[in-house]
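Only heavy atoms go into these numbers, but all of them, side chains included; no hydrogens, no water, no symmetry mates. Count residues from 1 along the sequence.
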Amino acid sequence: MNKKTLLVHISNVIKGCEKTEVSLGAGAIPRSLIRPTALDEQVVYRFKAAQAAAAQDGQKIYIVSGYRTLNRQKTLFNQAVQKYKSIDEASKWVAPPLVSHHPWGIAIDVNYPDDPIGASWLETHGYKFGLCRVFENEWWHFEPVIAPGWKCPSLVPDARYSKN
Ligand SMILES: [Zn+2]
């Protein structure tokens, strides 16, 4: 049987990467200046690195929802308002379009709704890759709010406390 060896390098070095390496960034990944049309590339790299490390620990993590168009976020928010019968209650679960970080390509929903165990692996180890859970009420939602290896900030209660 052929054994495959995986080597995961975690680095927040911008310059000094080998040709075949990519930097995971040296800080939080901020919003871009213009509205993107896809998930931020560095978020993708961070997640792929985390995914490889998770696999070595026997855990499977996958993105269920990453980038969303503003219209998609609007639809989701309106559905939540219908469901919860109030804008404030809906905002706890689905951030309003202009607040949500999904349309900025810097938020990912992981393993929702089927596999909280995998997501809890990411909650424990995500900081190494610069990915943090941010909301108390959403175990599946992660954002690139730190440099890889830094400490994730304390959770905020819900999407209403989203920092802009
Ligand atoms: Zn989310």
*Asks:* What distance separates L39 CG from I63 CD1, expressed to the nearest 0.5 Å?
*Replies:*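 Answer for the CG-CD1 pair, L39 versus I63, is 5.5 Å.
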*Asks:* Using modelled atom types only, decide if a donor and an acceptor are shared between the side chain of D158 and the backbone of N137 within a distance under 3.5 Å.
*Replies:*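 Such a contact is absent between D158 side chain and N137 backbone.
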*Asks:* Just wondering, more than 12 heavy atoms not from Y127 lying within 6.0 Å of its OH?
*Replies:*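 Not buried by this count: 12 neighbours or fewer within 6.0 Å.
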*Asks:* Would a hydrophobic clustering, with Ile, Leu, Val, Met, Phe, Trp and Tyr connected at side-chain separations under 4.5 Å, put L155 with W121?
*Replies:*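 No, L155 and W121 fall in different hydrophobic clusters.
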*Asks:* Grab the two heavy atoms, one from R133 and one from F135, that are nearest each other, plus how far apart they are.
*Replies:*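 That would be NE-O, 3.0 Å.
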*Asks:* Does D115 use its side chain to pair, donor to acceptor, with the backbone of I117 at less than 3.5 Å?
*Replies:*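 Yes, D115 side chain to I117 backbone: donor-acceptor pair under 3.5 Å.
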*Asks:* With the threshold set at 4.0 Å, does a side-chain nitrogen-carboxylate oxygen contact exist between D88 and R160?
*Replies:*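 Salt bridge flag = yes for R160 with D88.
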*Asks:* Return the minimal non-hydrogen interatomic distance between A119 and V110, and the atom names on each side.
*Replies:*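 The answer is CB-O, 4.0 Å.
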*Asks:* By the salt bridge (charged side-chain N to carboxylate O under 4.0 Å, His left out) test, which pairs, at least two apart or in different chains, include something from residues 100-110?
*Replies:*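 The answer is R68-D109.
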*Asks:* Donor-acceptor pair, Y67 side chain versus P36 backbone, under 3.5 Å?
*Replies:*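 Confirmed, Y67 side chain pairs with P36 backbone.
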*Asks:* Would Y62 end up clustered with F129 when hydrophobic side chains under 4.5 Å apart are linked, directly or stepwise?
*Replies:*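 No; tracing contacts between hydrophobic side chains, which count when under 4.5 Å, never links both residues.
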*Asks:* For the residue pair F47 and I61, establish whether any side-chain heavy-atom pair is separated by less than 4.5 Å.
*Replies:*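 SC-SC contact between F47 and I61 confirmed.
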*Asks:* With rounding to the nearest 0.5 Å, note down the distance linking NZ in K48 to CG in L24.
*Replies:*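 So the NZ of K48 and the CG of L24 are separated by 12.0 Å.
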*Asks:* In Å and rounded to the nearest 0.5 Å, what is the OH to CH2 distance from Y112 to W139?
*Replies:*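 CH2 of W139 is found 7.5 Å from OH of Y112.
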*Asks:* Taking all heavy atoms of P153 and all of C132, pick out the closest pair and write down the distance.
*Replies:*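 So the minimum-distance heavy-atom pair works out to CD-SG, 4.1 Å.
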*Asks:* Looking only at the aromatic ring of each residue, does the gap between the centers of H141 and H101 stay below 6.0 angstrom?
*Replies:*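 No, the ring of H101 stays outside the 6.0 Å limit from the ring of H141, centre to centre.
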*Asks:* Within the structure provided, determine whether V145 and C152 are in side-chain contact (heavy-atom separation under 4.5 Å).
*Replies:*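 V145 does not reach C152 side chain to side chain.
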*Asks:* Are any non-hydrogen side-chain atoms of I29 and R46 less than 4.5 angstrom apart?
*Replies:*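 They are in contact (side-chain heavy atoms under 4.5 Å apart), so the answer is yes.
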*Asks:* I'd like to know if the side chain of R72 reaches the main chain of K74, judged simply by a donor and an acceptor atom lying under 3.5 Å from each other, with no hydrogens or angles considered.
*Replies:*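 Looks like no, no N/O pair under 3.5 Å.
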*Asks:* As an exercise, state the distance from CD of Q42 to CD1 of I106, rounded to the nearest 0.5 Å.
*Replies:*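 If I round to the nearest 0.5 Å, the distance is 12.0 Å.
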*Asks:* When the side chains of residues 89-99 are checked against the rest of the protein, which donor-acceptor pairs come out under 3.5 Å, sequence neighbours left out?
*Replies:*
residue	atom	partner	partner atom	Å
E89	OE1	K92	NZ	2.9
S91	OG	I87	O	2.6

*Asks:* If you round to the nearest 0.5 Å, how far is CD of E123 from CH2 of W140?
*Replies:*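 Reported value, rounded in 0.5 Å steps: 12.0 Å.
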*Asks:* Think R35 forms a cation-pi with W104, using NZ or CZ under 6.0 Å from the six-ring centre and within 45 degrees of its axis?
*Replies:*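 Yes, a cation-pi geometry.
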*Asks:* About how many Å separate CG of D40 and OH of Y45, when rounded to the nearest 0.5 Å?
*Replies:*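 Here the interatomic distance stands at 10.5 Å.
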